[in-house]
Amino acid sequence: MWQVRVAPCGDFDNHPFQSEHFTCEPLGAAMGAEITGARLPDLSDEGIESLKQALWKHKMVFLRDQHLSHAEHEEFSRRLGPFAVDAYTQGVEGHRDVHPIIKEADEVTPSLFGGGWHTDSPFLEEPPSITTLRQVEGPPYGGDTTWTNTALAFRHLSKVYQDMLRPLKVWMSARNNFATQNLLREGGAIQFGDPEKHEQGLKGTVHPLVRTHPHTGEPSLYICDTYAAGIDGMTTHEAKPLIDFLVQHTIQHAFTCRLRWEPGMVCMWDNAATMHLGPNDYDGFRREMYRTTIAGGVPV
Ligand code: SIN
C-alpha cells in the first residue's frame, strides 16, 4: 500500500506585501499578485525598491493599463538592474534589450517560444534574475501564462527528501530542447542565437538543485522541464526519474497561478523561485509581447 497523492496543504503564505507606493492584491494562494495604484514609469527609486520586495514575496506581479512604449519598457527595466544577455532572441530596432515574442494569426507551429515549463536560460552560468513581459496585442481568449512557485514546492517535500536533494547539482542544458524542436519542425536543423550562444546552450552549466534566493535566503528547487538534462555524478537512468518526479511535483496545480493577459499589461517574475509556461493554444489570433531580462548572479 502507498499513499495516493492529495493536494498539498499548510504553509501557503501569499498574503499581500504592504507598500506605501502601491497596493498588492494576491492572485492565488500559492503566488502572484496584481499591483494597483502605480504607473511604472512614475515610480520613485523607493517605489522601484518596494516593487522588487513585492516581487520577491509574490514571485510574479503584474499591472494593468500600463501601455508602455519600447523606450518606457527599456527604461523601467534598467531601473530593476543591468540587462541580462538574452540567450535566444534579438531586440527590436533602437531598443536592443526589448525582445519581441510575436506569433502571427496565420502562424501554426508545434513548438512555440516558452511553450514548455521552464525557468529562463538556466543553461547560462549567470541566468537572468527577473524577466519582464508586456502585451501589446493578444487573443480574446487563450495565450494565458502560468507560473509555479518552486520555493513552495520545495517546502512541500519531506525533510528526508529535502536533505537528499540539498547536495545535488543539476545540469542545465538546451540540448534536449534543441533536439525536440528539430524533431517537431519540418526542414533543416535550427540554431538558437549565434553559433557561440548555440554551443554554450548545448554545453550548459551545472547549478545547485536547491538554490538559495540571493535577496531573501529562501531555498527553492532549481528544476526545469525544458532544460534540466542530468544530475551531476548520476547516470541518466538514475537522474531522469528524479528530474521527472521533481518537475511533476513542482507543476502540480496547488503551486501555480495563471494570468489572463490584457493589452497594456506588464508582468514580471522571479526566475530564482519560479518556472513558467506560455501555451500554444491561440491559433488564428495574433499575440504580440515584448520582454526584457535582468542580469542575475551565479546561483548558489
Ligand atoms: C516566456 O517564456 O518568456 C514567454 C511566456 C509567454 O509568452 O507567455
Side-chain angles (χ1 to χ4, degrees), residues 27-28 31-32 34 55 59-64 66 68 73 77 80 83-92 97-105 107-124 127-150 172 174 176-178 180-181 184 192-193 197 201 222-228 247 250-251 256-283 285-296:
L27 179 62
M31 65 173 296
E34 176 170 1
L55 180 58
K59 321 286 195 248
M60 178 284 261
V61 295
F62 69 98
L63 300 92
R64 292 176 211 266
Q66 299 292 302
L68 301 185
H73 190 178
S77 302
L80 295 174
F83 288 110
V85 177
D86 197 281
Y88 288 147
T89 53
Q90 298 292 326
V92 297
D97 292 299
V98 177
H99 294 245
I101 304 178
I102 301 174
K103 183 168 174 280
E104 299 294 346
E107 192 180 335
V108 177
T109 172
S111 66
L112 186 69
F113 181 88
W117 280 105
H118 66 286
T119 174
D120 284 332
S121 305
F123 44 80
L124 299 176
S129 55
I130 302 170
T131 301
T132 80
L133 189 66
R134 77 180 212 266
Q135 183 171 85
V136 170
E137 185 181 346
Y141 52 87
D144 300 356
T145 308
T146 301
W147 290 262
T148 191
N149 180 340
T150 59
M172 298 289 198
N176 295 333
N177 189 34
F178 290 169
T180 308
Q181 305 262 353
L184 288 174
F192 292 83
K197 281 185 182 169
Y222 202 37
I223 191 69
C224 184
D225 200 23
T226 304
Y227 299 119
V247 168
T250 303
I251 64 174
T256 66
C257 73
R258 177 171 178 147
L259 181 64
R260 184 161 192 183
W261 287 94
E262 288 168 10
M265 251 184 197
V266 179
C267 167
M268 61 214 81
W269 61 87
D270 178 354
N271 282 302
T274 58
M275 275 201 288
H276 62 280
L277 168 82
N280 191 3
D281 61 359
Y282 51 92
D283 285 353
F285 297 111
R286 186 166 195 275
R287 186 172 185 264
E288 179 179 351
M289 318 286 286
Y290 294 91
R291 76 175 205 156
T292 62
T293 48
I294 310 305

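Counting starts at 1 for both ligands and their atoms, following the listed order. Please read these numbers as outputs of a predicted model, since none were measured by experiment.
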[X] and [Y]: side-chain donor and acceptor closer than 3.5 Å?
X      : Y      : result
Thr131 : Asn271 : yes
Trp147 : Asn149 : no
Thr132 : Thr292 : yes

Checklist entry - Partners of Asp270 by salt bridge (charged side-chain N to carboxylate O under 4.0 Å, His left out), sequence neighbours excluded? => result none
Pairwise, report which nitrogen or oxygen atoms of ligand 1 are under 3.5 angstrom from protein nitrogen or oxygen atoms, and how far apart they are.
from: ligand 1; atom 1: 2 (O); to: His118; atom 2: NE2; distance (Å): 3.0
from: ligand 1; atom 1: 2 (O); to: His276; atom 2: NE2; distance (Å): 3.0
from: ligand 1; atom 1: 3 (O); to: Arg291; atom 2: NH1; distance (Å): 3.0
from: ligand 1; atom 1: 7 (O); to: Arg287; atom 2: NH1; distance (Å): 2.9
from: ligand 1; atom 1: 8 (O); to: Thr145; atom 2: OG1; distance (Å): 2.6
from: ligand 1; atom 1: 8 (O); to: Arg287; atom 2: NH2; distance (Å): 2.9

Item to check | Set of residues satisfying side-chain hydrogen bond (donor to acceptor under 3.5 Å, both in side chains) with respect to Asp144, sequence neighbours excluded | outcome: Arg258
Item to check | Pairing residues for Tyr290 by the ring pair (Phe, Tyr, Trp, His ring centres under 6.0 Å) criterion, not counting sequence neighbours | outcome: His70
